[in-house]
Amino acid sequence: MTNHRRDRAEKRRFETDAVHAGEGRAGAEEDNGTGYYPISTPIYASTTFSHPDIETTDRILGGEQAGFSYARYDNPTVVAFERAVAALESPDGGARAFAFASGMAAMHAALASAELGPGATVLAAEQLYGSTATLLVQVSGMNGVETRFVDCYDLDAVEKKIEELKPRALVIESISNPLLRVADVPRIAEIAHRSGAALIVDSTFATPFLQRPLDLGADIVVHSATKYLSGHGDITAGVVVAGPPYDAALEPFRKLVGGTLGAFEAWLAHRGLKTLPLRVERQCENAREISARLAAHPKVAKVNHPALADHPDRDVARCVLEGSGGLVSFELDVEEAEARKAAFRFLNALRLCVKAPSLGDVYTLAIHPATSSHRELSPARRRRLGVKEALIRLSVGIEHPEDVIGDIEQALETL
Ligand code: PLP
C-alpha cells in the first residue's frame with residue numbers, strides 16, 4: 001500500500017498540517033485595527049455574532065453568505081478545529097469535518113446522515129464499542145431501524161449478510177476493543193458498495209496518523225476526539241468526516257439536535273491535534289516494546305497487539321495501517337476461577353499506570369474490560385467475543401517505556 005503520510009509531497013505533509021491546518025483563517029482574518037494577529041485561534045466565548053448591518057445577518061442566516069451567527073450552528077474556534085481534522089483525514093479537500101460534543105453524538109449524527117429511517121437495516125460489527133451497539137439497537141431502533149450484527153473479520157459472513165439484508169449502512173471500527181482486531185476496510189468497503197450500503201468507520205483507535213478510511217473506500221469517518229485526537233484526557237469531543245452526499249445532512253442535523261462542540265473544548269482539541277503525530281508515533285513504539293516484553297513474561301498467557309507474529313490480522317494491519325497502534329491487551333496466566341480477583345490485584349498494584357476507562361491519552365491507562373467497557377454484556381457474549389476475566393487492556397502513553405514496563409512487572413509479581 002502507499003504511504004498516505006508521504007504521498008502528499010505536492011501538498012503539505014501530515015505533520016505540517018497537524019501543526020498549521022485550521023489556524024489563522026477562521027474568524028481571525030481581521031486584526032480589528034490592533035495591528036496584530038493571534039497565532040493560535042482564540043477561544044470565541046460568544047453565543048452569538050453581530051454584523052455591521054442586518055442585511056449581512058440576513059444573508060448569513062439564509063446561507064447566501066459565509067459567516068458566523070449563532071454558536072449552536074458554528075463558532076470560529078470550532079471551525080478552526082474542524083478544518084484541521086478535515087486536512088488530516090481528507091487532504092484533497094473532498095470531505096468536511098463536523099465537531100460534536102462527544103464521540104457518541106458524532107456517531108449519532110453519522111448514522112442520521114446515512115438516512116437511516118424507518119424500515120432501514122444497519123449491519124454492525126459484533127465487536128463494536130458497546131455504547132455504539134446500544135445506540136443502534138435502542139435509539140436507532142426507536143426510529144424503526146433494525147440492527148443486525150456480523151463478525152466483520154469474517155469477510156464471507158459479511159458478504160452473505162449484506163446480500164441477505166441489503167442494509168443501508170455498515171458500521172465497523174478500524175481497530176477493535178479490546179482484542180485489537182484490524183478491519184480490512186478496503187475489502188469491506190468494496191463488499192458494502194456492491195450492495196449500495198454506506199460504510200461508516202469509527203477510526204478512534206487508528207487516528208488519521210495510522211489510517212485514512214476515506215482513502216480506503218469508507219464513506220463516513222467517526223472519531224471520539226476525547227481520545228487520541230485531543231490526547232490529554234481533559235475533554236469530551238467527537239468528529240464526523242464525510243463528503244457528498246453525507247456532509248449536506250450533517251450540518252442541519254447538528255443545528256437541530258444541538259450536539260455542537262463548545263469553543264473551549266474545540267480549542268483544547270485543536271491544540272492536542274498539533275502533537276498527534278509525535279504522540280502516536282511514540283505510543284506505537286512504546287506499545288510494540290511493551291507487547292514484546294509482555295509476550296515473554298511467565299505470568300502472561302497471551303498478548304494481543306497487531307505487531308505480534310501471532311496476531312490474526314497482522315497481514316491486514318500491514319496493508320491498512322501505518323503503524324500498529326498504541327493499545328495492547330493481555331491475559332494473566334491464572335486459573336479462570338481466580339481470574340477476576342487476580343486482574344483486580346494486578347490493577348490495584350499499579351503505581352504509575354493509571355486505572356481509568358479511556359484511551360489515547362499521554363498517560364498509560366489500564367482497565368479490566370470485563371468489568372468496564374464490556375460490563376453490560378452477558379458473560380456468554382463476553383466469552384464469545386474473547387473478553388476473558390483475566391484480560392487487561394493498556395492504552396500506552398508517551399512515558400519512558402522502561403518505567404511503564406517496570407510498573408507492570410512489579411504488579412505482575414503480586415500474582
Ligand atoms: N468509539 C469508540 C471506539 C470509543 O472507545 C468510545 C468511547 O470510549 C466512543 C466511540 C464514544 O466516545 P465518547 O466517550 O467521546 O462519546
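Just follow the structure's listing: the first ligand is 1, and inside any ligand the first atom is 1. On a predicted model such as this, the values are computed, not experimentally measured, just so you know. Residue numbers run from 1 in the order of the sequence given.
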query = Is the centre of the Phe209 ring less than 6.0 Å from the centre of the Phe14 ring?
reply = yes

task = May I ask you to check if Arg254 and Phe98 form a cation-pi contact, with NZ or CZ under 6.0 angstrom from the six-membered ring centre and within 45° of the axis?
result = no

ask   = Do the charged groups of Lys388 and Glu336 touch, with an N to O distance under 4.0 Å?
value = no

note = Across all chains, not counting sequence neighbours, the side-chain contact (heavy atoms from CB on, under 4.5 Å) partners of Glu376 are none

inquiry  = Taking the side chain as everything from C-beta on, heavy atoms only, tell me whether Leu412 gets closer than 4.5 Å to Leu332.
reply    = yes

remark   = Checking Arg271, Arg83, Lys274 against Glu23 for salt bridge (Lys or Arg N to Asp or Glu O under 4.0 Å), the one that qualifies is Lys274

Starting from the N and O atoms of ligand 1, find every protein N or O within less than 3.5 Å and list the pair with its distance.
from, atom 1, to, atom 2, distance (Å)
ligand 1, 1 (N), Asp202, OD2, 2.6
ligand 1, 8 (O), Lys227, NZ, 3.0
ligand 1, 12 (O), Ser224, OG, 3.0
ligand 1, 15 (O), Gly103, N, 2.9
ligand 1, 15 (O), Ser224, OG, 2.8
ligand 1, 15 (O), Thr226, OG1, 2.6
ligand 1, 16 (O), Gly103, N, 3.0
ligand 1, 16 (O), Met104, N, 2.9

